[in-house]
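Have a look at the structure below, then the notes.
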There are 2 protein chains.
Amino acid sequence: MPQSDAGLDPAQEQGLVEAWDRAAAPAARRLMIAAVEAFAARGYHGTSTRDIADRAGLSPAGVYVHFASKEELFYRITLVGHQQTLRSALEAEAASGPAASAAERLRAVVAAQTAFEARHHTTARVIEYDLPCLSPEHFIEVNALRRQITAVVRGILADGVKSGEFDVPDVDGTALALLSMVTDVARWFPANSRQTPEQLGRLYADLALRMAAPHGTRAADAPGH
Amino acid sequence: MPQSDAGLDPAQEQGLVEAWDRAAAPAARRLMIAAVEAFAARGYHGTSTRDIADRAGLSPAGVYVHFASKEELFYRITLVGHQQTLRSALEAEAASGPAASAAERLRAVVAAQTAFEARHHTTARVIEYDLPCLSPEHFIEVNALRRQITAVVRGILADGVKSGEFDVPDVDGTALALLSMVTDVARWFPANSRQTPEQLGRLYADLALRMAAPHGTRAADAPGH
DNA sequence: GTCTATACGTTGATAGAC
DNA sequence: GTCTATCAACGTATAGAC
């Protein structure tokens, strides 16, 4: 993956380290970071356990002290990554306040998720695009988290429609399209763009509001409640 | 890939057969179809040449009569797929007529590309998401085709801005976001949706026009040229 | 063009010393 | 917890008969 063999930048690594804090052994953390880099660069099947062990400074056998299998290592990364993503979305929505309009909540969530995908693009690439490599049981578990993320966006769109702030004929289809747009950032960022994650978040939030706003009015001018 | 182990449906197969018509030997066609199915289901690295040979009804060695390597088989699929995609975009734009407005052209291209990604979702999944598995030389070649597809969208957006039909502060960023939305259809279709490719095309074309239209006016009511 | 047989590196994972 | 050594299976690709 030409644009994805870059290592984790400091901001990204800090985010991961925080999230993986409870993964007791330092070696387990190093393995997860090494695995994220390798999986992002070459995909799950394109990465050998030797690759991962090398990057983490361990022997090939060292992996199996901390993880029962390659799939389990991948599963841990995927699970934590999705939990982080969901938390980011919920926090962004909550931060816009209890009296926030649907437009404000949509802006907050889309901006946060977009910036998140950009900032953590290495991790995001792994957890967004290699998902089918999980075992069936783990796939189901992670998919439940994904559905919660979709539900956040769907809920905001539906609320906006109910209050008259939005004009969205197909809430489910629009939510899916919107999340496609946001998620795909991880695939190309930072190539093709000189923008910061925050700038990108603002652009995508604007686009999302345009997608949801009634024709003929600005979202901000829409009838509130 | 739970949602991707479905075989090629008749419409899809016909499209492929047409496109691969010049691939002389019938066995070569069977191999390409078999490879598309296998790559879509398990990814490039997750697919063995034995898998492909089996699906095509050949022995493991049979592959190498028609393709020098697994990568070359993948490259042929990827190249033809991108050529088809680009042609589809150019034809859609041309079909909207020489005097078409930017809005009409945007609608035509987005609808066509979205329907294309849905209809050929098996092939599209392979050529959109396994691209980094190409050799560096082949990657560069295919990327040139991708840039042409991006250029079509960028051109329409820029024309619309110049004529006053559109209000797009960031043409490049918006084109990228728009193509992300469209491309990602291949990843999830037909799960999560009971819509036909054509219905989906109309929805996405509407969303694209909302993204580009000036705030406060319908695209169709925008000042013309 | 297709087969059988096979070369030979790599893979995920384990055994057992330290 | 980490290592060295190793296994059995599988990977891509080739040789040579038909």
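As the structure is a prediction and not an experimental result, all values here were calculated from the model. Chain identifiers are assigned alphabetically (A, B, ...) following the order of the sequence lines, protein sequences preceding nucleic acid strands; residue numbering begins at 1 within each chain.
The closest side-chain donor-acceptor pair between B:Q113 and B:T85, if any, does not fall under 3.5 angstrom. Looking only at atom types and distance, the side chain of B:Y129 has no donor-acceptor partner in the side chain of A:D130 under 3.5 Å away.
Going from atom CZ of A:R42 over to atom C1' of C:dT10 covers 14 Å, rounded to whole Å. Atom CG of A:L31 and atom P of C:dG12 are 14 Å apart (whole Å). For the pair A:L73 CG and C:dG12 C1', the computed distance is 13 Å after rounding to whole Å. One atom, NE2 of A:H45, and another, P of C:dG12, lie 10 Å apart when rounded to the nearest Å. To the nearest angstrom, P of C:dA5 lies 17 Å from CG of B:L58. Rounding to whole angstrom units, CG of residue A:D51 and P of C:dT11 are separated by 7 Å.
If A:R50 and A:V65 are placed on DNA chain D by their nearest nucleotide, the residue sitting closer to the 5' end is A:V65.
The pair A:E141-A:R146 does not meet the salt-bridge criterion, since no charged nitrogen lies less than 4.0 angstrom from a carboxylate oxygen. Ion pairing between a basic and an acidic side chain is recognised when a charged N comes within 4.0 Å of a carboxylate O; B:D206 and B:R107 show such pairing. Using a 4.0 Å cut-off between charged nitrogen and carboxylate oxygen, B:R187 and B:E128 do not count as a salt-bridge pair.
Relative ring orientation between A:F74 and A:Y44 is described as tilted, the plane-to-plane angle lying within the 30° to 60° band.
Among the atoms of the strands shown, base atoms are found under 4.0 Å from some heavy atom of B:S59.
In 5' to 3' order, the nucleotides of DNA chain D bounding all contacts with chain B (an atom under 4.0 Å from a heavy atom) are D:dG11 to D:dA15.
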